[in-house]
Amino acid sequence: MPPKKRKLVEEEEEKPVTKYAAGKQPRNGVLPEVVYNHPMYPESELHQEMWTIPKFNLFISFTLNYLIESYKAMFKDFIKLPSRKFHPQYYYKIQQPISINEIKSRDYEFPDGPHTFLLDIELLAKNCISYNEPDSLIVKNSLQVVQYIEYEVLKAKNVTRNYLVSDDVKYRLLTYLKRVINATDKNIEEEMGVVHSNTDDVMKIAEPFMQLVDRDELPDYYEVIHRPTALGLIRQNLEVGYYSKIYDFIVDTQATFQNALVFNDLDTLIYQDAKKLLGYFNHLMQHKFFPELQDASERGETKLEYDKIEYEQYLADGGNENTNELLEDDDLTDYDFNHIEGLGNGYNRTILSEDYLLGPNATESQSKKPMLSTPIEEPPKILKYNIIKSMQKELISQEHTIEKVPYDMIDQVSIFSSKSLYHQATNPGPGAKPSCNQNWVAYTFNGAQMNQNENMYSFNLQPVQTFLTLTAKIRHAGLESSLMVNSENIKSLKVSTDAMKQEDGQQLEQNEEKEVIKNDSERFDIRLNEGLNYIVFKCQNSDKEKIEFMKFWVNVLP
């Protein structure tokens, strides 16, 4: 008997202790005030812009049901209102009780409906934070409930610019993600327009967010956070093509920082850094990435594509004729949560049989075309180069300008006619008259005075100009450069000045047919075709992390 008792004691001692208890954790004393009209995340684009979603009530019903099924443990306390029998004090302390089921039963299809819906969703968390202890599990779940719902709204709101991640889009996303990863306090302040003299410019504040939290070191994190992620994992997923659409990447990146806001206290440094990085990332996406992407599309540098099924179903259908039949059978399919005490009125709609954004399933979509319920009307786009606006001196024209980024690696590129043509024109043969027309050309492009975002140039050549010479100077040693003419690589000619000296220190006489190029310069002899020719000079560092281009369209006249 004694050994058996000792075994029971050992089992009790080895039982893990849970820090976060499930269920309600009422506060003592006076509760914090709940302000309904004040958004929890006023800086979010959902609160800063006017937007709408077709068949908004149907979207809400499907989205909430989908999230409840996907994250039962997190949503279960917010489906129904608390029991008046077991928690009567709740209704004395909370002035505006609300639940997910009440939100699903309301009508939000009116002009300010989307904004009201967001306030109702955030009221779930506000009531929970006010009534419960601030560091309890139910409070942290309420914050994630709001975030997950707003993630789905964000993707639906931006369906018209939720483009597929092509190779070019992937490269641009990786560029901006790298800016977030390498950001310092000074970088962020300069980007946001607030600069202080004593701001740190060395420490990368995103370092704690690069890897997933170690489960052994901090097991409580995985008890609280339902969808852990990290910047290093996001970068890897982006590189291997895991993200099919832009907002899949954006939502995961936002979740990385918002997870830190949920888990950590307000006065911790990692909370402040996460909030700063979240604002910085959203600013880059809204004011840098999407304008740059749109500008590249208008210039023809990239092709933007939608998920056709999602786009057409979202704007045109939003459901099918089977939806009403399914909504009539709610009582047969909502039993899962009827026995759970939550935050609702006891009524649950069933999950729709089709994805709201994708419409019918794959087998139905192949045999049935989407039916247009209402014509699609989109506001006309403002022309990129509006001559009327260009004649007016208004500040609004600044939104069409491109940020000037001088070249850092390319110092100078020169394009000029071959020596034979130049000598023939300037030194005619015996008895021949000098040429009356200057057929030779010479163009010099200074990298310090030029813009990487406007790196394409064009010019015409006379019929005899089929041979050109291109020389390029780079600023630093160890850089790799190359030249392509009409998709063909051109070999460069480098001549070292040290090789032109004799052993006794005497310098050789220069050969008229050979040009001496410095160590940091390269020369390319080019032969062009009649018509349009495309020349690209590329310079990159050894790690291939930074690349600079100069592009030329040369038209040789017939």
Side-chain angles (χ1 to χ4, degrees), residues 39-41 44-76 78-79 98-106 108-109 113-125 141-163 225-229 234 242-259 261-262 278 281-282 285-286 306-307 309-311 313-315 317-319 323 348-359:
M40 293 180 62
Y41 310 104
S44 171
E45 64 174 280
L46 296 177
H47 289 286
Q48 293 182 352
E49 302 175 3
M50 294 295 294
W51 52 272
T52 183
I53 295 176
K55 297 188 178 181
F56 193 44
N57 290 338
L58 181 62
F59 166 77
I60 293 172
S61 178
F62 169 78
T63 299
L64 295 180
N65 285 332
Y66 163 74
L67 291 173
I68 289 171
E69 284 294 322
S70 302
Y71 304 96
K72 295 180 181 180
M74 183 171 61
F75 276 79
K76 64 181 178 63
F78 307 95
I79 298 171
I98 196 170
S99 69
I100 289 178
N101 281 334
E102 287 187 333
I103 293 174
K104 287 163 59 178
S105 64
R106 295 181 178 181
Y108 293 100
E109 292 187 358
H115 180 67
T116 304
F117 168 73
L118 292 177
L119 293 178
D120 286 350
I121 290 296
E122 293 179 353
L123 185 60
L124 289 171
N141 282 343
S142 69
L143 295 173
Q144 293 177 88
V145 164
V146 174
Q147 291 172 5
Y148 284 25
I149 295 174
E150 291 189 351
Y151 289 157
E152 299 300 321
V153 175
L154 191 67
K155 290 189 287 187
K157 164 191 173 291
N158 292 288
V159 68
T160 55
R161 66 176 184 178
N162 193 14
Y163 306 109
I225 302 302
H226 295 265
R227 193 167 66 183
T229 184
I234 292 173
Y242 174 79
Y243 298 115
S244 61
K245 288 170 286 191
I246 291 176
Y247 268 88
D248 295 337
F249 160 80
I250 291 177
V251 165
D252 263 14
T253 308
Q254 290 179 346
T256 302
F257 305 123
Q258 289 181 333
N259 286 344
L261 299 181
V262 170
L278 177 62
F281 173 75
N282 289 336
M285 290 294 102
Q286 297 301 318
Y306 297 104
D307 184 329
I309 298 178
E310 172 184 311
Y311 184 73
Q313 290 292 336
Y314 174 81
L315 292 180
D317 191 18
T323 300
N348 251 343
R349 291 185 181 179
T350 181
I351 296 181
L352 303 182
S353 63
E354 72 274 2
D355 189 327
Y356 175 77
L357 294 182
L358 296 182

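All values below were derived from every heavy atom in this structure, side-chain atoms included, with hydrogens, water molecules and symmetry-related copies excluded.
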Undergrad: Restricting to side-chain contact (heavy atoms from CB on, under 4.5 Å), what partner residues turn up for Y41, sequence neighbours left out?
TA: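 Per chain and number, Y41 pairs via side-chain contact (heavy atoms from CB on, under 4.5 Å) with E43, S44, E122, L143, V146, Q147, E150.
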
Undergrad: Could you tell me the separation between the NZ atom of K157 and the CD atom of E49, rounded to the nearest 0.5 Å?
TA: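 If I round to the nearest 0.5 Å, the distance is 4.0 Å.
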
Undergrad: Measure the spacing between OG of S105 and CD1 of I100 and express it to the nearest 0.5 Å.
TA: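 S105 atom OG to I100 atom CD1 measures 12.0 Å (nearest 0.5 Å).
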
Undergrad: For Y242, enumerate each residue passing the ring-ring contact (aromatic ring centres under 6.0 Å, His included) test, keeping only those at least two apart in sequence or located in another chain.
TA: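 Checked Y242 against ring-ring contact (aromatic ring centres under 6.0 Å, His included); zero matches.
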
Undergrad: Nearest 0.5 Å, please: how far is CG in L67 from CZ in F62?
TA: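 F62 CZ to L67 CG: 8.5 Å, rounded to 0.5 Å.
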
Undergrad: Where do F281 and I250 land on the side-chain contact (heavy atoms from CB on, under 4.5 Å) test, with the steps shown first?
TA: CA-CA 9 Å; F281 173 75; I250 291 177; 4.0 Å; yes

Undergrad: Mind checking side-chain contact (heavy atoms from CB on, under 4.5 Å) for D252 and listing every partner two or more places apart, or none if nothing turns up?
TA: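 I234, Y243.
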
Undergrad: Going by side chain to side chain donor-acceptor pair (under 3.5 Å), name the residues that satisfy it together with Q286, two or more places apart in sequence or in a different chain.
TA: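 In terms of side chain to side chain donor-acceptor pair (under 3.5 Å), with neighbours along the sequence ignored, Q286 is linked to E45, R161.
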
Undergrad: Could you please spell out the steps behind the side-chain contact (heavy atoms from CB on, under 4.5 Å) verdict for E152 and V251?
TA: CA-CA 9 Å; E152 299 300 321; V251 165; over 6 Å; no

Undergrad: Roughly how far apart are K104 NZ and I60 CD1, rounded to 0.5 Å?
TA: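 Taking NZ in K104 and CD1 in I60, the distance rounds to 11.0 Å.
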
Undergrad: Just how far is it from atom CZ of F59 to atom CG of L64, taken to the nearest 0.5 Å?
TA: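 That separation rounds to 8.5 Å.
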
Undergrad: Does NZ or CZ of R227 come closer than 6.0 Å to the centre of the six-membered ring of Y151, within 45° of the ring's axis?
TA: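 No, a cation-pi geometry is absent between R227 and Y151.
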
Undergrad: For L154 versus N158, what's the shortest heavy-atom pair and its separation?
TA: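 Distance-wise, the nearest heavy atoms are O-ND2, 2.9 Å.
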
Undergrad: Kindly write out the residues that satisfy side-chain contact (heavy atoms from CB on, under 4.5 Å) with D120, not counting sequence neighbours, or none if the list is empty.
TA: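 D120 satisfies side-chain contact (heavy atoms from CB on, under 4.5 Å) with Y36, I98, I103, R106, Y108, T116 only.
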
Undergrad: Is there a side-chain contact between I149 and F75 (heavy atoms, below 4.5 Å)?
TA: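 When only atoms from C-beta onward are counted, F75 and I149 do touch, with a gap below 4.5 Å.
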
Undergrad: Output all residues satisfying side chain to side chain donor-acceptor pair (under 3.5 Å) with N141, sequence neighbours left out; order by chain, then residue number.
TA: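 Result, side chain to side chain donor-acceptor pair (under 3.5 Å) vs N141: H226.
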
Undergrad: Would you say the rings of F117 and F56 are close, in the sense that their centroids are separated by under 6.0 Å?
TA: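 Centroid separation for F56 and F117: below 6.0 Å.
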
Undergrad: Report the relative orientation of the aromatic rings in Y306 and Y163; use parallel for angles under 30°, tilted for 30 to 60°, perpendicular for over 60°.
TA: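 It falls in the tilted class, 30° to 60°.
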
Undergrad: Find the distance between CG (L118) and CG (L123) and round it off to the nearest 0.5 Å.
TA: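 Answer rounded to 0.5 Å: 12.5 Å.
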
Undergrad: Of all the heavy-atom pairs spanning I53 and A156, show the shortest one and how long it is.
TA: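 Shortest heavy-atom contact: CD1-CB, 3.7 Å.
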
